[in-house]
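From a predicted model like this one, the values you see are computed outputs, not experimental measurements. Values below: all heavy atoms of this structure, side chains included; hydrogens, waters and symmetry mates excluded.
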Amino acid sequence: MRIATWNVNSIRSRIDRVTAFLERHDIDVLAIQETKCREDQFPGLELSAMGYEFAHQGLSQWNGVALISRVGLEDVATQFADDQPMFGEPEIVEARSIGATCGGVRVWSFYVPNGREIGHPHYDYKLLWLERLRQASAEWLAENPDAQIALTGDWNVAPQDDDVWDMSVFEGHTHVSKPERDAFHAIVDTGYADVVRPFTPGPGVYTYWDYQQLAFPKKRGLRIDFILASPALSTRVETAWIDREERKGKGASDHAPVIIEIA
DNA sequence: ATGGTGGTCCTACCA
């Protein structure tokens with residue numbers, strides 16, 4: 001079974017690339033982020049025609065997450081916890097998480113808040129969001145240590161210096177600060193392993209390249225998209241890769257898909 | 001190649 005995660009940066013402008021990606025890599029479950037549309041705008045017909053079910057959480061033109069599966073899609077949840085942090089005016093639980101059981105694996109699609117600037121309210125929101133996610137994901141494992149769980153998505157954190165094209169450029173910026181990295185590693189320490197990194201060692205291996213300043217051809221990227229797997233799921237991972245080709249050409253998302261193959 | 005972002009919606013905001 002193949003599970004992938006991809007920040008598509010608008011599903012409506014990228015639906016043809018999404019369907020081509022599903023075919024090209026023979027994907028069973030795809031978690032997407034930044035759909036940037038409401039429920040009624042989601043282009044589901046193309047997916048249904050290919051034999052995929054989908055569940056989408058989209059409240060406005062911002063954020064938005066979805067799961068696309070051809071191996072079942074059960075027990076859909078649009079929050080990882082009852083006390084999921086809120087943001088905005090008025091405050092709402094934004095469309096940043098959706099989970100479902102697909103082919104026996106509990107798959108989550110997360111779009112972690114960006115943080116904007118260190119000290120910005122959005123930065124505090126980001127840290128709180130990751131801490132709540134750590135609590136929730138720890139509880140899932142406490143309930144069932146053998147649970148098959150995949151925490152996937154755009155984490156908006158580059159956990160290691162190797163995950164950044166030039167650390168000096170990111171001094172004092174979000175994505176690399178110690179509190180953000182600590183929050184990410186706290187989830188790993190709970191028992192969820194980065195199952196992609198062993199198959200895609202750095203340095204110079206990224207999942208995101210800014211649209212500006214020719215970042216992609218200049219190899220100026222970040223590794224911020226991850227698949228974290230529970231212990232029982234980790235042992236099933238046979239290989240993993242980043243589809244860097246998907247970042248090429250006209251009409252690409254600024255993120256590349258990340259894929260795992262499990263036994 | 002001597003340039004230089006792209007998505008939302010239409011005016012800034014977000015990344």
Side-chain angles (χ1 to χ4, degrees), chain A residues 5-21 30-44 46 56-66 85-97 109-127 129-130 152-159 163-166 169-177 180-181 183-184 206-226 242 244-258:
Chain A
T5 184
W6 186 13
N7 180 323
V8 295
N9 186 21
S10 169
I11 185 62
R12 286 177 294 171
S13 67
R14 218 78 65 203
I15 183 62
D16 290 347
R17 274 187 177 257
V18 169
T19 54
F21 168 76
L30 173 61
I32 59 174
Q33 300 86 38
E34 281 209 87
T35 58
K36 287 187 166 177
C37 68
R38 299 184 309 267
E39 307 295 319
D40 58 294
Q41 299 173 309
F42 191 85
E46 291 87 341
H56 174 228
Q57 163 81 336
L59 301 177
S60 65
Q61 74 268 45
W62 306 121
N63 313 309
V65 284
M86 300 195 286
F87 195 79
E89 187 59 51
E91 283 195 326
I92 59 161
V93 175
E94 296 182 310
R96 294 182 178 277
S97 65
S109 178
F110 297 128
Y111 180 44
V112 175
N114 172 284
R116 297 182 189 169
E117 292 173 28
I118 292 174
H120 191 284
H122 210 258
Y123 179 78
D124 298 331
Y125 170 52
K126 178 181 195 174
L127 294 179
W129 204 96
L130 285 167
T152 88
D154 175 358
W155 295 77
N156 271 318
V157 178
D163 301 333
V164 182
W165 64 275
D166 184 349
V169 171
F170 280 79
E171 216 167 296
H173 283 241
T174 61
H175 295 59
V176 302
S177 73
E180 289 166 273
R181 286 178 166 180
F184 180 87
Y206 311 123
T207 64
Y208 162 84
W209 300 260
D210 199 299
Y211 283 125
Q212 301 181 58
Q213 303 299 123
L214 302 174
F216 183 66
K218 292 184 175 178
K219 305 184 189 306
R220 298 175 173 176
L222 301 174
R223 190 201 293 252
I224 55 176
D225 301 88
F226 297 96
I242 296 163
R244 192 178 173 283
E245 293 298 305
E246 180 53 53
R247 182 62 180 81
K248 296 180 178 177
K250 189 173 167 58
S253 168
D254 42 2
H255 292 252
V258 178

Residue mapping more 5' on DNA chain B - nearest nucleotide basis, A/L214 or A/R12: A/L214

More than 12 heavy atoms of other residues, nucleotides or ligands under 6.0 Å from NZ of A/K219: is that the case? no

Taking a pair as Watson-Crick or G-U wobble with both distances under 3.5 Å, which nucleotide is matched to B/dA12? B/dT8

Would you say the side chains of A/E94 and A/S60 form a donor-acceptor pair under 3.5 Å? no

Pick base, sugar-phosphate or nothing for A/R14, based on heavy-atom distances below 4.0 Å to the nucleic acid. sugar-phosphate

Can you list every salt bridge (charged side-chain N to carboxylate O under 4.0 Å, His left out) pair that touches residues 246-255 of chain A, not counting sequence neighbours? A/R17-A/E246, A/R24-A/E246, A/E245-A/K248

Starting at atom CZ of A/R220, determine the distance to atom P of B/dT5, rounded to an integer number of angstrom. 13 Å

Quick one: does A/E39's side chain get under 4.5 Å of A/Q57's, heavy atoms only? yes

Gap in Å between the two C1' atoms, one belonging to B/dC14 and one to B/dC9, rounded: 13 Å

Between the protein and nucleotides 10-15 of chain B, which nitrogen or oxygen pairs are less than 3.5 angstrom apart?
{"from": "B/dA15", "atom 1": "OP2", "to": "A/R116", "atom 2": "NE", "distance (Å)": "2.8"}

Given side chain to side chain contact (heavy atoms under 4.5 Å, CB included), test A/V65 with A/F110 step by step and report yes or no. CA-CA 7 Å; A/V65 284; A/F110 297 128; over 6 Å; no

Between B/dG6 and B/dT11, how far apart are the C1' atoms? Round to whole Å, please. 16 Å

Side chain to side chain, A/K36 and A/I11, heavy atoms closer than 4.5 Å: no

Strand partner of B/dG3, provided both Watson-Crick or wobble distances fall under 3.5 Å: none

